[in-house]
Number of protein chains: 2
Amino acid sequence: MMTTEDELGGSEPLTKQDFEALARFRFGIRRYLRFSEETVRRHGLTPQHYQLLLTLKGFPGREWATMRELADRLQLRHHSVVELVNRAQKQELVHRAPHPSDARAVQVQLTANGQLILERLSALHRDELRRMGAALTLPTWDALPDNGDMTAP
Amino acid sequence: MMTTEDELGGSEPLTKQDFEALARFRFGIRRYLRFSEETVRRHGLTPQHYQLLLTLKGFPGREWATMRELADRLQLRHHSVVELVNRAQKQELVHRAPHPSDARAVQVQLTANGQLILERLSALHRDELRRMGAALTLPTWDALPDNGDMTAP
DNA sequence: CGCATTAATATCGTATCACGATACACTTCT
DNA sequence: AGAAGTGTATCGTGATACGATATTAATGCG
């Protein structure tokens, strides 16, 4: 009865450490996104553009996606994705190709230029992620049992 | 020209898996932030407000912060923090208190109401983080494999 | 085949919000 | 007293996602 392992669903009041962990993680995300923004802007891209390119190149199994798929992975309205793709296309980062099996859909693909820039930027991001490591790992309460100890690290 | 790419750290060209890992991680962040936004808005807060409250409650060692400290942890101009705090104060989420040792500074503190809302929201966030687990763990390249192999796909 | 559904496109206006620029008041420190 | 730091105040700007709405075209189901 001690180990309330069934606390999935959220019930236990959070401890000071919980709040600190939550805040620290969020801070990590902020800093990472901040780094990302500054980096990509230095290369002439907006954060949205970079994430678009990355989503294409990093799509499981292939290297292109439809508008709808992009809307899902970018967490945007498919409608906003069109605008984003238009902007990216103007900069020759991506281009549209007809979808082989569904003529309604389009394949959004990387241009050679987009590919090149993405590779550079992604390497920098990979390095930064390595560097940030601890700051971005989520709190260790994944399977955290009850803990009466309050020694701070 | 300007980008003769041999920036430090980055060296190995990224593999398809690297891109997928990078994209997956970013997707995880997006989804988490999306969840966060919808959740806090359902409770009448903006994402910025929630992060402000969380930063206060989760500040290492105490439960308040100065404008300048907030600017650091929120990655904002101290100037923008004032606006944010003003908005939050109008909703009685935070309040200002004189700083004990430095009369120039202020202590931004949680109100009882802000405290209450934050606790609810944070519990939900903790649960979601548990749930997302894998989707938010960063790629396993933490320890760089000493591998000079460059078998091209 | 006909019709509902889905995908993409197109426009227009709206809202949010961080930011730059600037100025001012007050405090602390040297 | 003067310099530097902290907070406050205001105005305008830029970026961009979104809602609402409409259109076109293709798919697929009954």
Side-chain angles (χ1 to χ4, degrees), chain A residues 26 29-31 33-38 40-42 44-53 55-56 64-91 93-109, chain B residues 26 29-31 33-38 40-42 44-53 55-56 64-91 93-109:
Chain A
R26 194 84 174 212
I29 291 181
R30 287 295 271 198
R31 280 214 340 247
L33 293 181
R34 181 65 144 196
F35 157 84
S36 179
E37 170 159 2
E38 284 175 4
V40 305
R41 283 200 192 279
R42 235 181 295 120
L45 266 63
T46 66
Q48 291 80 13
H49 285 168
Y50 169 68
Q51 190 157 3
L52 170 62
L53 301 190
T55 300
L56 292 175
W64 55 268
T66 68
M67 293 288 183
R68 192 141 271 297
E69 289 165 337
L70 287 174
D72 173 49
R73 297 190 81 88
L74 297 177
Q75 297 282 291
L76 297 177
R77 301 286 174 232
H78 77 287
H79 158 261
S80 303
V81 175
V82 176
E83 298 177 306
L84 176 58
V85 170
N86 286 341
R87 293 194 298 264
Q89 196 167 18
K90 262 189 202 99
Q91 297 199 18
L93 297 170
V94 302
H95 68 101
R96 288 167 162 90
H99 191 289
S101 62
D102 189 338
R104 291 172 301 181
V106 295
Q107 284 190 357
V108 183
Q109 300 174 342
Chain B
R26 193 85 175 213
I29 291 183
R30 285 297 268 198
R31 280 212 343 247
L33 293 181
R34 180 64 145 198
F35 158 84
S36 178
E37 172 159 0
E38 284 176 4
V40 305
R41 283 199 192 279
R42 238 181 293 120
L45 266 64
T46 65
Q48 291 80 13
H49 285 169
Y50 169 68
Q51 190 156 4
L52 170 62
L53 302 189
T55 300
L56 292 175
W64 54 268
T66 67
M67 294 288 183
R68 194 141 269 299
E69 289 165 338
L70 287 173
D72 172 49
R73 297 191 82 88
L74 297 177
Q75 296 282 292
L76 297 177
R77 302 287 174 231
H78 78 286
H79 161 260
S80 303
V81 174
V82 177
E83 299 178 305
L84 177 58
V85 170
N86 286 341
R87 292 194 298 264
Q89 197 168 17
K90 262 189 201 98
Q91 298 198 20
L93 296 170
V94 302
H95 67 101
R96 288 166 161 90
H99 191 289
S101 61
D102 189 339
R104 291 171 301 181
V106 294
Q107 284 189 356
V108 182
Q109 299 175 342

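Here is the naming used below: chain letters follow the sequence lines, and residue numbers restart at 1 for every chain.
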Taking salt bridge (charged side-chain N to carboxylate O under 4.0 Å, His left out) as the definition, give me every residue that meets it alongside [X], ordered by chain and number, with sequence neighbours left out.
X	answer
B/R30	none
A/R68	none
B/E83	none

- Message: Going by side-chain hydrogen bond (donor to acceptor under 3.5 Å, both in side chains), name the residues that satisfy it together with B/Q107, two or more places apart in sequence or in a different chain.
- Response: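 By the side-chain hydrogen bond (donor to acceptor under 3.5 Å, both in side chains) rule, B/Q107 matches B/Q109.
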- Item | Test side-chain hydrogen bond (donor to acceptor under 3.5 Å, both in side chains) applied to B/R31 - qualifying residues, sequence neighbours left out |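 With neighbours one apart ignored, the set is empty.
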- Quick one: does A/L45's side chain get under 4.5 Å of A/L93's, heavy atoms only?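 A side-chain contact exists here, since the closest heavy-atom pair is under 4.5 Å.
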- Is the closest side-chain heavy-atom distance between B/L53 and B/V40 below 4.5 Å?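 They are not in side-chain contact.
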- Assign a letter to each nucleotide of nucleotides 24-30 of chain C from its 5' end: B, base within under 4.0 Å of a protein heavy atom; S, sugar-phosphate only; -, no contact. ---BS--
- Task: Report which part of the nucleic acid A/R34 touches: base, sugar-phosphate, or nothing (heavy-atom distance under 4.0 Å, all strands).
- Result: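 Answer is sugar-phosphate: A/R34 comes under 4.0 Å of backbone atoms only.
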- Message: Can you give me the first and the last nucleotide of DNA chain D (5' to 3') that has an atom within less than 4.0 angstrom of a non-hydrogen atom in chain B?
- Response: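 The protein-touched segment is D/dG5 to D/dC18.
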- Task: Take atom CD of B/Q48 and atom P of C/dC19, then tell me their distance rounded to the nearest Å.
- Result: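 Result: 11 Å.
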- Between C/dA18 (C1') and B/Q51 (CD): distance, integer Å: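 To the nearest whole Å, that distance equals 14 Å.
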- In degrees, rounded to 10°, what is the bend between the two ends of the helix from C/dC1-D/dG30 to C/dT30-D/dA1, using five pairs at each?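 Here the local axes at opposite ends form an angle of 40°.
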- Quick one: salt bridge (charged side-chain N to carboxylate O under 4.0 Å, His left out) pairs with a partner in residues 93-102 of chain B, sequence neighbours left out?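 For residues 93-102 of chain B, and leaving out neighbouring residues, the salt bridge (charged side-chain N to carboxylate O under 4.0 Å, His left out) pairs sorted by first residue read B/D102-B/R104.
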- Could you grab the distance from atom CD of A/Q51 to atom CZ of A/R73, nearest 0.5 Å is fine?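 Result: 10.5 Å between the selected atoms.
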- Task: Could you grab the distance from atom CH2 of B/W64 to atom NE2 of B/H95, nearest 0.5 Å is fine?
- Result: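 Interatomic distance, B/W64 CH2 to B/H95 NE2, rounded to 0.5 Å: 12.5 Å.
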Could you give the side-chain donor-acceptor pairs of residues 74-81 of chain B under 3.5 Å, partners two or more places apart or in another chain?
unit_1 : atom_1 : unit_2 : atom_2 : d
B/Q75  : NE2    : B/D72  : O      : 3.0

- Residue that, paired with B/V108, satisfies side chain to side chain contact (heavy atoms under 4.5 Å, CB included) out of B/L84, B/T66, B/T55, B/L56: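 Among B/L84, B/T66, B/T55, B/L56, the one that satisfies the side chain to side chain contact (heavy atoms under 4.5 Å, CB included) with B/V108 is B/L56.
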- In residues 64-86 of chain B, which ones come under 4.0 Å of DNA chain C, going by heavy atoms?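 DNA chain C contact set from residues 64-86 of chain B: B/L76, B/R77, B/H79, B/S80, B/E83.
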- Message: Going by side-chain contact (heavy atoms from CB on, under 4.5 Å), name the residues that satisfy it together with A/T46, two or more places apart in sequence or in a different chain.
- Response: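 A/T46 satisfies side-chain contact (heavy atoms from CB on, under 4.5 Å) with A/R41, A/Q48, A/H49 once adjacent residues are dropped.
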